[in-house]
Amino acid sequence: MPELPEVETIRLGLEERLLGALIKTIDLRDQKLTRGQVDLLTIRKFVENNYLVKFGRCGKYLLLFLSNGKILFWHLGMTGKFKISEKYEEIPHLRAYMETDKGYLLYSDIRRFGKVGILDNTSELRKGIDPLGDDYLYERINKLFTSSKAVKIFLLDQEKISGIGNIYADEILWKARMLPNRPTNSLSPDEVKRLFDIVPEVLKEAVKYRGTTISDYRDINFNRGEYSEKLKVYKMEGKPCNECQGIIKKIKLGGRSSYYCPDCQK
DNA sequence: ACGTAGTCCTGACGGC
DNA sequence: TGCCGTCAGGACTACG
């Protein structure tokens with residue numbers, strides 16, 4: 001589930017609670033977590049007895065910077081969440097945990113799509129331009145609008161722009177008054193500029209409200225995200241549009257549900 | 001290069 | 001009540 005705003009909310013929470021903490025132990029009880037990555041013993045070797053010196057984020061990847069220079073990356077998949085607790089707790093679907101001198105970091109993940117690994121450098125991640133990062137620049141983004149693919153598919157492509165998922169793609173396109181299936185290369189310069197501006201606008205607003213909870217997402221204190229109250233189209237099929245009173249429709253695009261207003265999105 | 005479908009998982013929900 | 005199909009914040013692969 002977690003898209004950029006949820007991961008960023010988690011990052012801020014970790015920074016507040018665990019910055020400078022000493023990692024005593026790490027245990028990954030779900031083998032699947034490290035698929036395609038180094039094994040648990042190697043992760044232990046790199047992680048244990050190190051301090052957490054910085055918390056970062058690249059798109060939907062959460063990055064834990066260690067005092068030995070290594071970076072532990074954590075992707076939360078669809079249902080991954082962290083909880084910070086004073087003591088060890090058997091929370092449902094607990095897949096991993098870390099013991100630090102500032103408390104336990106517990107990781108639960110119902111569907112087990114999450115992924116963990118070690119990096120020497122963030123450039124090793126397959127990712128595109130982060131909409132809240134320094135290299136999110138009009139000139140760079142504009143160059144990507146060349147394919148005939150639907151603009152929503154483009155927004156979801158992590159190797160182009162990273163961090164947008166199914167909820168925010170729909171919300172961004174609604175705000176940009178743009179149909180999700182518009183071919184990317186059919187957008188006028190004005191439309192490209194509008195989209196370029198709206199992407200970080202929506203994501204920043206969602207960070208302000210601490211993300212969106214549909215069902216599973218929780219921040220590190222297990223609180224819900226309040227951007228759910230702000231959603232205009234996602235999961236709103238059959239409801240009137242906030243702007244024009246058109247009726248929100250649902251279609252499939254790239255195998256995923258897409259919600260939009262057929263009246264005000266062109 | 002593109003679109004579509006299937007895969008990995010678990011759980012919730014609706015219909016019969 | 002119980003069974004079954006569908007759907008879900010993500011991402012990867014394989015096919016035509």
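Not measured: the values here are computed from a predicted model. Chain A is the first sequence line, chain B the second, and so forth, proteins listed ahead of strands; every chain is numbered from 1.
Stacking is not found between A:Y217 and the pyrimidine-like six-membered ring of the C:dG9 base under the 5.5 Å centre-distance and 30° plane-angle cut-offs.
Taking 4.0 angstrom as the limit, A:K152 places none of its side-chain polar atoms (N or O) nearer than this to OP1 or OP2 of B:dG3. In this structure, A:K60 reaches the C:dG10 phosphate: one of its side-chain N or O atoms is under 4.0 Å from OP1 or OP2. Contact annotation: A:T79 side-chain N/O to B:dT10 OP1/OP2 distance is not under 4.0 Å. Taking side-chain N and O atoms only, A:H93 has no distance below 4.0 Å to OP1 or OP2 of B:dT10. Contact annotation: A:S257 side-chain N/O to C:dA8 OP1/OP2 distance is under 4.0 Å. Considering only side-chain N and O atoms, A:R256 lies nowhere under 4.0 angstrom from the phosphate OP1 or OP2 of C:dA11.
With both pairing distances under 3.5 Å, C:dG9 is matched to nothing as a Watson-Crick or G-U wobble pair.
If you check every strand for non-hydrogen atoms under 4.0 Å, A:K81 touches nothing.
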Q.
Would A:N142 and A:K193 count as a side-chain hydrogen bond (donor to acceptor under 3.5 Å, both in side chains) here? Give the steps.
A. CA-CA 8 Å; A:N142 191 33; A:K193 182 66 171 57; over 6 Å; no

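Within 3.5 Å, a donor on the side chain of A:R111 pairs with an acceptor on the base of B:dC9, or the reverse.
Taking atom P on both nucleotides, B:dT10 is separated from C:dT1 by 25 Å, rounded to a whole Å. The same atom, P, is picked in C:dT6 and in B:dA5; the two are 13 Å apart, to the nearest Å.
DNA chain C is contacted by both A:K115 and A:Y234; A:Y234 maps to the nucleotide lying nearer its 5′ end (nearest heavy atom per residue).
Residues A:P5 and A:T212 form no side-chain contact, since every pair of their non-hydrogen atoms from C-beta on lies 4.5 Å or further apart.
Between A:Y61 and A:F73, the ring planes are perpendicular. Angles over 60° get that label, and only those under 30° would be called parallel.
Using a 3.5 Å distance cut-off with no hydrogens or angles, the side chains of A:N121 and A:S123 do pair a donor with an acceptor.
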